[in-house]
There are 2 protein chains.
Amino acid sequence: MLERVHLVVLREVAEHGSLTAAAEGLGLTQSALSHSMKKLEGQLGVTLWRREGRSLRLTQAGEELLQVAREVLPRLEVAEERLSQFASGRRGTLRIGIECHPCYRWLLRVVAPFLARFPNVEVDVKQKVQFEGAPALSGYEVDLLVTPDPVEHPDLRFHGVFDYEQVLAVGRGHRLAGRACIEASELKEEVLITYPVPQDRLDIFTHFLAPANQRPAAQKTVENTDILMQLVASGRGVAALPRWLVEEYGPLLGLVAVRLGGGIFKQICLGVREADERVDYIASFIELARGAPRPCEESVL
Amino acid sequence: MLERVHLVVLREVAEHGSLTAAAEGLGLTQSALSHSMKKLEGQLGVTLWRREGRSLRLTQAGEELLQVAREVLPRLEVAEERLSQFASGRRGTLRIGIECHPCYRWLLRVVAPFLARFPNVEVDVKQKVQFEGAPALSGYEVDLLVTPDPVEHPDLRFHGVFDYEQVLAVGRGHRLAGRACIEASELKEEVLITYPVPQDRLDIFTHFLAPANQRPAAQKTVENTDILMQLVASGRGVAALPRWLVEEYGPLLGLVAVRLGGGIFKQICLGVREADERVDYIASFIELARGAPRPCEESVL
DNA sequence: GCTATCCATGAGTAGAATTCATAATACATG
DNA sequence: CATGTATTATGAATTCTACTCATGGATAGC
């Protein structure tokens, strides 16, 4: 009934002072505007303006409606602009899911320059303890998945962005502290501190202990990486962490990295939905992640 | 481009959860909505929602647009409602022009019940000193004219609403105070206090002095009725005023009314544009004015 | 697996918006 | 005062758009 056109015409007429000029500005005929407004007047039962000499003068009702136009139209125009930014990937919310706990620290380095480059894009990090990355990604719960374990999925694509070694972190005074590397059997008297996730998602089990059919003396779980490192530093146990993390905080806390067997080499991958791969800010995020400074090359903020 | 329908559909879908249900609610086909939204998506280059099982789930862009819908649609709906009130005369601004100064006091009595009856109608009183009523009325400067001097005009209609007598007001101690009536010649030694308007708009000149070819000793002008009455009461001069006004304030201030010759009998008229005569609140105003209590029948508030 | 219930889509149609041509009106100007 | 140039208004023709209908494809529940 009361359509956007009507408001546009009203505003244009108010600005240019005449139907003819307004029609010009809108790329339409004067006749079109006249017909269209006449119809609206008929439907509403109101006169919006009245001829006064050769120009038009708004009635009370017209003024009222013009007021509406001045409020509503900018809102619609901004909305269109924003939506077109969504379309071109200059705006949106990038919801990032994280599967590996220490990845969070790595992520922070990528997010900072990303935010600077896309001021209209919000970033939201979802770091649930129990978190099935791939389903969350394909189910549109998150738009980007940071994980060391890419999976095969028809709609998803994974990009390796950062290589690292998973090592054993031990306290400075620990009996294994001086070693270059250790065997799986050497952990059987150790307390192993891990994140609270199933063993099949912990590399130290899947890639190191399980193949040798070994187990630690005990396993404790902790959610927070900082606390975990503190516990290790205080000699309460040992933990598997990325080498760059140990080397970065090691000097500060008193941590030492020890290679696990021949070394567990991993890669942080970024997973996205195939449909999103060409969205500007998502592609740029991956680009940025690839070129991001290696965690150990630069100190943390 | 982004039309009202789109917002309506978006809101309806958000509410009912499915296109089919929304179509039902809007009295359209599911197909219609699907086509229409698809087109919008194409124009904007955005997907608004995505099929999830058998229902729809809004994307970020969709959520954003839904937000717009929730802001804009109510505004439009209210606007339509208000305009239809304009149409039926239940809303508007009644701009009243006053030509005769003391009429203002009479007007107040009509305005009060009018405001109570039309809570959505604003009243604006324009009481310029130099004020040509008829042109202001036909030129849409005012919607209602309160005047004792109706004019002939093809587009205007005047309704007599209140009869009164124009009398001479004198102070209690004045030499004419006891008289029932006076002749024009008896004013030649008096100071006549009037409103600052041309003599041809003052009844005491046109209907009393001019026919007898008389003039007062002097003429002073004052804009304010209260001051005018004070001046007369203090014996500084005499003035022509409606009888009801003199009788209402006379006891209080010390004023007495004296008939001018055989009496000057006037009528307050309400002028409206013919086109407006059937507007609800205007017709009601005239109705109310006709039935209003005579000023002298009731004391002022 | 079958069925009910969604959404998507192509083709045809009814209706609405737009244009064109022209009338009616107001203002300026020689 | 007539003439020319601005307006807006209006009727008829045309173009275009939005809608419906019919149907296909997908999903969830039984």
Side-chain angles (χ1 to χ4, degrees), chain A residues 1-59 61-62 65-66 135 138-140 154-155 275, chain B residues 1-59 61-62 65-66 135 138-140 154-155 275:
Chain A
M1 199 149 191
L2 173 58
E3 294 299 330
R4 181 172 178 178
V5 231
H6 298 127
L7 299 182
V8 171
V9 170
L10 209 60
R11 180 176 64 177
E12 212 73 4
V13 167
E15 187 169 332
H16 294 100
S18 84
L19 259 192
T20 312
E24 182 83 12
L26 295 173
L28 287 173
T29 332
Q30 168 269 130
S31 173
L33 305 203
S34 181
H35 278 302
S36 144
M37 297 309 280
K38 193 102 210 164
K39 185 174 178 193
L40 178 67
E41 288 185 333
Q43 288 172 334
L44 259 43
V46 195
T47 20
L48 266 4
W49 48 51
R50 131 182 53 76
R51 288 191 63 169
E52 199 157 85
R54 63 171 60 174
S55 68
L56 301 176
R57 177 79 157 279
L58 287 177
T59 62
L65 205 55
L66 177 60
S138 60
Y140 283 83
D155 301 337
Chain B
M1 200 150 191
L2 172 58
E3 294 298 332
R4 181 172 177 177
V5 230
H6 298 127
L7 299 182
V8 171
V9 170
L10 210 58
R11 181 176 63 177
E12 212 73 3
V13 167
E15 188 169 328
H16 294 102
S18 82
L19 259 191
T20 311
E24 183 84 12
L26 295 173
L28 288 173
T29 337
Q30 166 269 131
S31 172
L33 306 202
S34 181
H35 278 302
S36 143
M37 297 310 278
K38 194 102 211 164
K39 185 174 177 193
L40 178 66
E41 289 186 334
Q43 288 172 333
L44 258 42
V46 194
T47 21
L48 266 5
W49 48 50
R50 135 182 49 78
R51 289 192 62 169
E52 201 158 85
R54 64 170 58 171
S55 68
L56 300 177
R57 177 79 158 281
L58 287 177
T59 61
L65 205 55
L66 177 60
S138 61
Y140 284 83
D155 301 338

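Chain A is the first sequence line, chain B the second, and so forth, proteins listed ahead of strands; every chain is numbered from 1. Everything numeric here is computed off the predicted structure, so don't read it as measured data.
The base of dT9(C) lies close enough to the side chain of Ser31(B) for a donor and an acceptor atom to sit less than 3.5 Å apart. The base of dT19(C) lies close enough to the side chain of His35(A) for a donor and an acceptor atom to sit less than 3.5 Å apart. Judged by atom type and distance alone, Thr20(B) does not reach the base of dC6(C) through any side-chain donor-acceptor pair under 3.5 Å.
Between dT18(C), dT20(D), dT7(D), one nucleotide has an atom nearer to the side chain of Arg51(A) than all others, and that is dT7(D). Closest to the Thr29(A) side chain, of the nucleotides dT19(C), dA26(D), dT8(D), is dT19(C).
A donor-acceptor pair under 3.5 Å is absent between the side-chain atoms of Thr29(A) and the main chain of Ala32(A), judged by distance alone.
Counting to the nearest Å, the C1' atom of dA17(C) and the CD atom of Gln43(A) are 13 Å from each other. Note: CZ (Arg57(A)) to P (dA26(C)) measures 16 Å, nearest angstrom. Atom NZ of Lys38(A) is separated from atom C1' of dA17(C) by 17 Å (rounded to the nearest Å).
For Ala21(B) and Glu52(A), each mapped to the nucleotide of DNA chain C holding its nearest heavy atom, the one lying further toward the 5' end belongs to Ala21(B). Of the two residues contacting DNA chain C, namely Gln30(A) and Gln30(B), the nearest-nucleotide position lying further toward the 5' end is that of Gln30(B).
Expressed to the nearest 0.5 Å, how far CG of Leu40(A) lies from NE2 of His35(A) amounts to 15.0 Å.
Look at Ser36(B) and you won't find any side-chain N or O under 4.0 angstrom from OP1 or OP2 of dA18(D). Between dT8(D) and Ser34(A), no contact under 4.0 Å exists linking OP1 or OP2 to a side-chain N or O. Residue Lys39(A) places no side-chain N or O under 4.0 Å from the OP1 or OP2 atom of dA16(C).
Within a 6.0 Å radius of CD in Glu3(A), other residues, nucleotides and ligands contribute more than 12 heavy atoms. Taking a 6.0 Å sphere around CZ of Arg57(B), one finds it holds 12 or fewer heavy atoms contributed by other residues, nucleotides or ligands.
Contacts of Ser18(B) with the nucleic acid, taken as non-hydrogen atoms under 4.0 Å apart, involve only primed sugar atoms and P, OP1 or OP2.
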